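Here the structure is laid out as structure tokens; the discussion comes afterwards.
Keep in mind that the numbers below use all heavy atoms, side chains included, and drop hydrogens, waters and symmetry copies. All chains are named by letter (A, B, ...) in the order of the sequence lines, taking the proteins before the strands, and each is independently numbered beginning at 1. As the structure is a prediction and not an experimental result, all values here were calculated from the model.
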There are 2 protein chains.
Amino acid sequence: MQKSEHDCIKLVPLFDHLPDEDVDKIEAIITHKHYAAGESLFLDGDDLDTLMIVANGQVKVSKIAANGREQLLYLLQTGDFDGEGALFQDKTHTSSAVALIPTAVCQISRKNFQKLLSQSPSISMNLINEFGQRISSLEKRTTEAATESVEARIGSYLVETGASLDKDTFKLPIKKKDLAIYLGTTPETVSRKLTDFESKGWISQGPQKQIKLLDKDALVLLD
Amino acid sequence: MQKSEHDCIKLVPLFDHLPDEDVDKIEAIITHKHYAAGESLFLDGDDLDTLMIVANGQVKVSKIAANGREQLLYLLQTGDFDGEGALFQDKTHTSSAVALIPTAVCQISRKNFQKLLSQSPSISMNLINEFGQRISSLEKRTTEAATESVEARIGSYLVETGASLDKDTFKLPIKKKDLAIYLGTTPETVSRKLTDFESKGWISQGPQKQIKLLDKDALVLLD
DNA sequence: CGCTATGTTGATTCTTCTCAAGTGCCGTGG
DNA sequence: CCACGGCACTTGAGAAGAATCAACATAGCG
């Protein structure tokens, strides 16, 4: 077993602060898999019977609405996991996932994961906690999508992305086309609003999706 | 202790299928509270240190967006619970709750609930499962809010509400004003679209928020 | 060095919000 | 029991935001 394969356990907040014996237990039931850029991890409708943790890379999780339009739900980074909530029922995926760059994932089968949870209360606690945060973040997004203008959503996205990277100058982690999908708008509108923000002196755009935040307050206060 | 007070434990899917001894444990740490219609259960920013279960009644949970507009997140019915995901961290509520009709709730303090979880793995499992379903439903709503037209959202809402009540003729469970907030639109638009649906023969509206679904396919296929 | 996908810019159209006025319903209090 | 006041709802006209369609520019990749 290589070093990198241990990493996914150490990387996931889910398995943080666990005694060594728990880590060993987890090691034993994990399987590893690699995906090339563009490769699909699962599709809407696939059987859902494993918990999937991104050890390294970037995964786009999206869902197709009734009218055929795509909605980007999550961008899973190193350390993030997916397996929805249906880990305890016989369900199918309700979304699709594609690797954006070469990606390594660790997987645990539902059966093993259930056993693990029943043995280690602290993992359950971590999981409940993690789910809770995800619920909060989805609630926030639902609220924003339903009540705020596209302009305001783009503004918040820029500031939040900067904050999560802890930088005021950064490279957009996804293509503008995908960003448009994520924010529930179109590439044209994203392009226009960014130019608009730049002309107002709130950001500056460099080559290669470089963004520099100049006036975060203005971006957050948009309506 | 009255009969009704036992009920909240029996009512909540969270505490389903538990051995009697677990039920007794839970009984011991629950407190009960009653709210009149219009009374507030908690406000955005309040300390969050209890899990709250609706034993009887109806509670509106909403959130105020940055621009001041309200977004209805959940309509908690008998058996539903709230306490966000932050049950394990020192956090504050990120939403507000108001009783719509006289409502009885059962509460468990964070501390006691944590103890309970660490002792009973099956409660943890139920909770994780419940959270998972909530995540799925929020993902669905985020997708709909971001990609579908107001018209389509109203159509889906009507069909889903009918399905969950198992009837084609039903009374809207909330005021149209709140429905508008829930769907991220305005009362005017809801009113217009409903008359529009009626003129197209897809629904018929009676007095007192009565709705009769006549062509569910048409309502679902809106774009 | 092209080729294809991504991104930009412009013109137009459409949906939905906003503002405004008016109707009807229901509970309170006289 | 009726009158009043408030709140929900409806309907109309106008404005604004964002989507769509179309042409063009650019960048990444073989």
Heavy-atom donor-acceptor pair, [X] side chain to [Y] backbone, under 3.5 Å:
X: A:Thr103; Y: A:Gln58; value: yes
X: B:Asp46; Y: B:Leu43; value: yes
X: A:Gln205; Y: A:Glu198; value: no
X: A:Ser191; Y: A:Glu188; value: no

Rounded to whole angstrom units, what separation is found between the [atom1] atom of [X] and the [atom2] atom of [N]?
X: B:Asp223; N: C:dC14; atom1: CG; atom2: P; value: 15 Å
X: A:Leu100; N: C:dA5; atom1: CG; atom2: P; value: 17 Å
X: B:Asp196; N: C:dT16; atom1: CG; atom2: P; value: 10 Å
X: A:Glu198; N: C:dT8; atom1: CD; atom2: C1'; value: 13 Å
X: A:Phe197; N: C:dT8; atom1: CZ; atom2: C1'; value: 17 Å
X: A:Ile174; N: C:dG7; atom1: CD1; atom2: C1'; value: 14 Å
X: B:Leu179; N: D:dA8; atom1: CG; atom2: C1'; value: 13 Å
X: B:Leu183; N: C:dT16; atom1: CG; atom2: P; value: 12 Å

Q. Taking it one step at a time, do A:Lys60 and A:Leu72 satisfy side-chain contact (heavy atoms from CB on, under 4.5 Å)?
A. CA-CA 7 Å; A:Lys60 177 176 96 169; A:Leu72 211 167; 3.9 Å; yes
With a 4.0 Å limit, can you tell me whether [X] has a side-chain N or O closer than that to the phosphate oxygens OP1/OP2 of [N]?
X: A:Thr195; N: C:dT9; value: yes
X: A:Lys209; N: C:dT6; value: no
X: B:Lys175; N: D:dA8; value: yes
X: B:Lys177; N: D:dA8; value: yes

Q: Go along nucleotides 15-29 of chain D 5' to 3' and tag each nucleotide: B for a protein heavy atom under 4.0 Å from its base, S when only backbone or sugar atoms are that close, - otherwise.
A: ---SSBB------S-
Q: Using the six-membered ring wherever Trp is involved, compare the ring planes of B:Phe131 and B:Phe81 and label them parallel, tilted or perpendicular (cut-offs 30° and 60°).
A: parallel
Q | Whether B:Phe42 and B:His93 hold their rings parallel, tilted or perpendicular, with breakpoints at 30° and 60° | A |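 Answer is parallel, since the angle falls under 30°.
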